[in-house]
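Atoms within a ligand are numbered from 1 in the order they appear, just like the ligands themselves. Keep in mind that this is a model prediction, so the values were computed, not measured. Counting begins at 1 with the first residue of the sequence.
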Amino acid sequence: MDTLLDVRDLRKSFSVSPGPLGGKNLELRAVDGVSFTLRKGETLGLVGESGCGKSTTGKLILRLLEADDGQVTFGGQEILGISPRRLRPLRRQMQMIFQDPYSSLNPRMRVGEIVGEPLKIHGLASGTGLKEEVLRLLKTVGLAEQHYERYPHEFSGGQRQRIGIARALAVRPSLIVADEPVSALDLSIQAQVVNLLQDIQEEFGLTYLFIAHDLAVVEHISDRVAVMYLGRIVELADAGDLYRKPLHPYTEALLNSVPVPDPARRDSGPLLKGEVPSPLFPPSGCHFHPRCPYVRDLCATQSPPLEEKGGGRQAACHFSDEVGKHRKHK
Ligand code: SF4
């Protein structure tokens with residue numbers, strides 16, 4: 001499968017005020033050397049707790065934020081250093097779907113205008129052709145003709161997300177960064193929106209970077225999954241392998257936190273303990289060591305690189321071959 005997106009050593013820090021005590025500004029490394037590829041037509045789930053840098057990674061790729069360092073190659077073209085003029089046609093091919101569809105939809109615009117606006121901006125349709133195209137897009141995402149004249153506040157959360165998807169689809173993108181697209185929705189609606197994203201992926205040949213804080217959400221849509229912790233990817237693998245046998249203690253703990261309906265199938269392996277440390281003061285060595293059930297002395301002093309572990313899998317753990325030893329069901 002061809003590579004659509006190649007992300008190499010992406011970095012972004014923010015300067016944060018130290019607060020009332022004064023002193024020098026602090027450096028928050030939101031994205032700390034992230035690398036991965038996305039193949040055409042696949043879905044990569046990017047998962048981690050809040051504040052781990054996954055949404056920032058998505059925004060850096062689309063240049064909604066400017067990276068400090070690294071490379072992003074889209075369709076063979078490096079995009080981080082290029083001018084806004086050269087970026088514009090590529091921007092069309094890379095769209096974002098947001099977590100909160102309501103705040104990303106202009107409340108004073110009717111749905112027809114919201115979905116039609118990107119078509120006009122990019123000169124893809126006008127006049128009666130524009131309306132026809134918008135109606136076709138509304139139908140594609142499961143909305144009806146009568147929704148064309150309505151305002152965002154007249155819709156439910158799931159319907160608003162459908163409007164956001166129609167707007168992203170309007171410019172015929174090849175890559176969609178979906179930033180927690182179902183997190184704000186009820187469980188029953190989540191499944192409908194995930195199904196819609198899968199249907200349109202097939203129909204339009206889309207590639208997804210699907211960002212979520214929960215491994216359960218991305219399980220059925222992802223071909224591969226990358227797990228982030230405090231600005232770094234700690235595990236990357238085919239979804240089936242990762243869910244069956246995680247190689248990083250953090251992935252294992254996240255999986256154990258996913259509710260399983262049948263108590264007999266509960267793993268009883270280690271759960272996540274404690275809170276995510278502040279990214280302003282990340283722990284030494286392996287950032288996960290204060291929460292890790294497999295921790296040894298080495299972990300506090302040496303940061304494990306993300307490295308090949310065989311079978312196309314990558315993990316950043318000194319003792320990945322021991323992961324799973326606490327589990328009953330393997
Ligand atoms: Fe745990 Fe050590 Fe592996 Fe980090 S390197 S995940 S602390 S065992």
Side-chain angles (χ1 to χ4, degrees), residues 7 9-13 27-36 44-57 211-219 222 224-258 266-330:
V7 178
D9 206 19
L10 195 61
R11 290 172 193 274
K12 178 71 180 175
S13 294
E27 184 190 23
L28 188 157
R29 290 190 191 180
V31 177
D32 192 12
V34 162
S35 301
F36 62 86
L44 177 69
L46 187 60
V47 179
E49 288 163 286
S50 133
C52 71
K54 54 195 190 305
S55 292
T56 306
T57 300
I211 296 169
H213 60 262
D214 179 345
L215 274 167
V217 169
V218 298
E219 180 167 9
S222 300
R224 292 184 302 144
V225 174
V227 178
M228 276 188 84
Y229 191 75
L230 286 182
R232 298 174 180 169
I233 291 181
V234 295
E235 180 160 9
L236 201 164
D238 279 347
D241 293 338
L242 183 131
Y243 286 88
R244 199 166 33 251
K245 188 181 184 312
L247 292 184
H248 195 282
Y250 178 57
T251 315
E252 183 186 46
L254 279 181
L255 279 173
N256 288 335
S257 312
V258 171
R266 251 176 229 147
D267 191 294
S268 77
L271 291 170
L272 264 182
K273 57 175 184 179
E275 296 290 316
V276 190
S278 164
L280 284 170
F281 306 102
S284 61
C286 173
H287 289 345
F288 189 57
H289 85 258
R291 303 173 83 189
C292 181
Y294 301 88
V295 64
R296 305 225 201 124
D297 290 348
L298 174 71
C299 305
T301 55
Q302 275 190 33
S303 173
L306 182 67
E307 57 189 11
E308 294 291 333
K309 299 287 182 182
R313 308 190 57 169
Q314 296 178 333
C317 175
H318 296 307
F319 305 106
S320 57
D321 49 348
E322 293 186 18
V323 176
K325 70 180 183 186
H326 297 302
R327 279 181 290 158
K328 282 183 187 161
H329 307 283
K330 296 183 182 172

Verify the ring-centre separation between Phe319 and Tyr294: is it less than 6.0 angstrom?
no
Close to atom 1 (Fe) of ligand 1, meaning under 2.8 Å, how many protein N, O or S atoms are there?
1
Check the pair Leu230, Asp32 against side-chain contact (heavy atoms from CB on, under 4.5 Å), reporting the backbone distance first and the verdict last.
CA-CA 8 Å; Leu230 286 182; Asp32 192 12; over 6 Å; no
How far apart are the closest heavy atoms of Glu235 and Thr251, and which atoms are they?
OE1-OG1, 2.8 Å
Distance-only polar pair, side chains of Lys12 and Thr56, donor-acceptor under 3.5 Å
no
Looking only at heavy atoms, which two atoms of Pro283 and His289 are closest? And how far apart?
CB-CE1, 3.9 Å
Determine whether Val7 and Thr57 satisfy the following criterion, side-chain contact (heavy atoms from CB on, under 4.5 Å), listing intermediate values before the conclusion.
CA-CA 10 Å; Val7 178; Thr57 300; 5.6 Å; no
